[in-house]
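I have placed the structure first, in the form of C-alpha cells, so that the comments after it can refer back to it.
Just so you know, residue 1 is the first one in the sequence shown, and it goes up from there. Keep in mind the model is a prediction, meaning the values are calculated, not measured. In each ligand, atom 1 is the first atom listed, and ligand 1 is the first ligand listed.
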Amino acid sequence: MEFPEQDAAHMARAVALAARGHGTTSPNPVVGCVVLDAAGAVAGEGFHLYAGGPHAEVGALAQAGERARGGTAYVTLEPCDHTGRTGPCSRALLDAGIARVVVAVADPNPKAAGGAARLRAAGVEVTMGVLAAEAGRVNEEWLTYARLGRSHVTWKFAATLDGRSAAEDGTSQWITSPEARADVHRLRAAADAIVAGVGTVLADDPRLTARPDGPSAARRPPLRVVVDTEARTPPDARVLDDQAPTLLAVADDADTGRLKADVLRLPRHGSGLDLRALLAELAARDVVGVFLEGGPTLAGSFLREGLADRVVAYVAPALLGSGRAALGPAGVGTIDAIHRLTFDEISPIGPDVRLIARPAAQPSREQ
Ligand code: AOF
Ligand code: ZN
C-alpha cells in the first residue's frame, strides 16, 4: 500500500530523528529512519548514534518487528549496500519484507552506495529525493566531507554590534555573555577539530578545549589544530598541554626543531598554508567537522578560498568604534567580490544574538 501524500511528513520526522545524532556520529553521517506498517501507521523509528553502532534503518526495523512486513521505510540517506562496521541495510530492509523505501539523499560514499538499486532489483518500490534539501541540511557536515573529500568548516566569531572583536589596546575579554560562551563550548564539543591561527595562540594563549557543562562532556576531545606556517607556537603554549591532542600545521620547509608536537607539513599558499590541503589531510584523519576560531587573518584566508561553509556569529549589544575587526582581508577588493550569505537562524542567547549564516551558493562555489 502507498501513502505518498504522507511522504513529506514522515520524512520530516526522519530528519528530526537524524538531528539527534549531531555531534556523536563522526566520521559517520547523521541518519534518521521511520518505518510504517502495511496500513500506514508508524511502527518503528531509529537514528544513527555513533560510528560502529546500528544504522538508523536497523534500529527502526528492530522496533517495528513483524509489523514492518509490507510496510514503508523513510530514510534520510540512501540505505547502504555494504558490509562495513555493520551489515548492509538494503539486506535488512529486504529481510524485513519492506515493500516501499523513500529516500531523501543518495549516498555519495562509493563504498556504501547502491542500496536503492539493490532494493529496486528485488522488487521494492523506491522513491528518491523527498525532502532532499532538509535532509541535506541536517547532514551538511558529513555530505561536504563525503562529496568533497575535505572537512566541513564552521567559522565562529564573537563581536560587538559594530563588528569588532577586540578594543584598540587588544583587550577582548569578554565581549559576549557567559550564556554565549557556554553555547560556544557546546558547539566546540560537537566538532571533530578546533582550528586557530598562530596569531591567536601568541596573543591569547587559548586552550582550545571544549568545556561544555552538559552531557557531551564525556565525548572524546576535539583535535586542536594550529595553523602555524613558520612554526612559531611557543613550546609552553597552553594549546600544547595534555588536555587534548594537538596538530601543528606548518609549511613543508618550516623549522620545528624545538617543538615536540605532532606536526603536519603542508605546501605554502600565498603568505600562508594551502588550506584546501589542510582540510583534505584532516578529512583523511576522520575529521568531518571543523570549528574555526580565531583570528581574523585566518578566517579571511578561509573565506577567500571559499572554504567557510557556515558562519556562526555571536553579536553583543555593545559598541567599540575602534579596535580589531572580526574578519581580516578576505579577498574582497571591490563590491562585486562581496561574500554574500543567507541567514539560516537568528536566536537570542542571553543578552546576545547568535546568527547562523552560510554562503549563498556553497559548496558549488569551489567546484
Ligand atoms: C551510518 N549510519 O544509519 C546509515 C549509514 O561504517 P559503517 O559500516 O557503519 O558504514 C557507514 C556508511 O554507511 C556511511 O558512510 C554511509 O555511507 C552508510 N549509511 N551510515 O553510519 C546509518 N544509514
Ligand atoms: Zn546501513
Side-chain angles (χ1 to χ4, degrees), residues 10-35 43-64 68 71-98 100-122 124 126-132 134-152 190 192 219-220 280 282-289:
H10 291 304
M11 190 62 84
R13 174 68 187 151
V15 169
L17 287 164
R20 294 200 196 164
H22 270 151
T24 61
T25 64
S26 187
N28 276 0
V30 296
V31 186
C33 177
V34 173
V35 168
E45 294 186 333
F47 65 96
H48 190 56
L49 188 56
Y50 61 96
H55 286 188
E57 301 91 316
V58 171
L61 289 171
Q63 229 181 54
T72 301
Y74 292 84
V75 201
T76 55
L77 184 70
E78 179 183 355
C80 67
D81 193 42
H82 79 311
T83 301
R85 283 175 266 238
T86 65
C89 292
S90 51
R91 172 59 34 216
L93 291 161
L94 290 171
D95 289 348
I98 288 286
R100 179 170 182 246
V101 174
V102 183
V103 173
V105 177
D107 192 335
N109 175 2
K111 276 192 233 145
R118 166 98 53 201
L119 290 161
R120 275 197 187 111
V124 173
V126 177
T127 305
M128 301 289 291
V130 172
L131 250 51
E134 290 81 352
R137 182 61 52 86
V138 81
N139 204 16
E140 83 166 82
E141 302 193 356
W142 185 82
L143 287 169
T144 299
Y145 160 87
R147 286 175 181 151
L148 304 180
R150 66 154 174 91
S151 306
H152 173 280
D192 300 314
R219 233 193 121 216
R220 81 183 154 63
L282 291 179
R285 289 166 166 75
D286 282 350
V287 170
V288 174

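Looking only at heavy atoms of the protein, atom 3 (O) of ligand 1 is closest to A56 N, 2.7 Å. Considering only non-hydrogen protein atoms, atom 14 (C) of ligand 1 sits nearest to P29 CD, 3.7 Å. Protein heavy atom nearest atom 15 (O) of ligand 1, with residue, atom name and distance: N109 ND2, 2.9 Å. Of the protein's non-hydrogen atoms, the one nearest atom 9 (O) of ligand 1 is H55 NE2, 2.6 Å. Looking only at protein heavy atoms, the nearest one to atom 17 (O) of ligand 1 is D107 OD2, 2.4 Å. In this structure, atom 6 (O) of ligand 1 lies nearest to the protein heavy atom R85 NE, 2.7 Å. From the protein, the heavy atom lying nearest to atom 23 (N) of ligand 1 is E57 OE1, 3.2 Å.
Residue E78 has no N or O atom closer than 3.5 Å to an N or O atom of ligand 1. The shortest N/O to N/O separation between H82 and ligand 1 falls below 3.5 Å.
Counting heavy atoms closer than 4.0 Å to ligand 1, residue C80 contributes side-chain atoms (C-beta onward) but none from N, CA, C or O. At a heavy-atom distance under 4.0 Å, no atom of Y145 approaches ligand 1.
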Inset, instruction - Carefully, step by step, assess L93 and V101 under the rule side-chain contact (heavy atoms from CB on, under 4.5 Å). - result: CA-CA 9 Å; L93 291 161; V101 174; 4.2 Å; yes
Inset, instruction - Test I98 against L61 for side-chain contact (heavy atoms from CB on, under 4.5 Å), laying out the working first. - result: CA-CA 9 Å; I98 288 286; L61 289 171; 3.9 Å; yes
Inset, instruction - Could you give me the CA-CA distance, side-chain angles and deciding distance for T144 and R150, then say whether side-chain contact (heavy atoms from CB on, under 4.5 Å) is met? - result: CA-CA 7 Å; T144 299; R150 66 154 174 91; 3.7 Å; yes
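From D107, atom CG reaches atom CG of D81 across 10.0 Å, with rounding to the nearest 0.5 Å. With rounding to the nearest 0.5 Å, the separation of SG in C80 from CZ in R85 is 11.5 Å. Expressed to the nearest 0.5 Å, how far CZ of R147 lies from CH2 of W142 amounts to 8.5 Å. Here the CG atom belonging to N28 is positioned 10.0 Å from the CG atom belonging to N139, to the nearest 0.5 angstrom.
Side-chain contact between Y145 and N109 is absent, with no heavy atoms from C-beta onward closer than 4.5 Å. Taking 4.5 Å as the limit, every side-chain heavy atom of C33 sits out of range of all side-chain heavy atoms of L17.
Here the options are V15, L77, L143, V31, the test is side chain to side chain contact (heavy atoms under 4.5 Å, CB included), and the partner is V138; only V15 passes.
The number of heavy atoms from other shown groups lying within 6.0 Å of CZ (R13) is above 12.
In this structure, F47 has no heavy atom closer than 4.0 Å to ligand 1.
Residue L94 comes nearest to R118 through the heavy atom pair CD1-CG, 4.4 Å, listed as atom of the first residue, atom of the second, then distance. Here the closest heavy-atom approach between residue R100 and residue Y74 is recorded as NH1-OH, 3.9 Å.
Around the Zn ion (ligand 2), the protein contributes the following N, O or S atoms at distances under 2.8 Å: H55 ND1, C80 SG, C89 SG.
Within ligand 1, the atoms closer than 4.0 Å to a non-hydrogen atom of G84 are 8 (O), numbered from 1 in the order shown. Near A112, meaning under 4.0 Å from one of its heavy atoms, ligand 1 places the atoms 13 (O), 17 (O), 18 (C). Every atom of ligand 1 with a heavy atom of V31 under 4.0 Å away is listed here by number and element: 2 (N), 3 (O), 4 (C), 22 (C), 23 (N).
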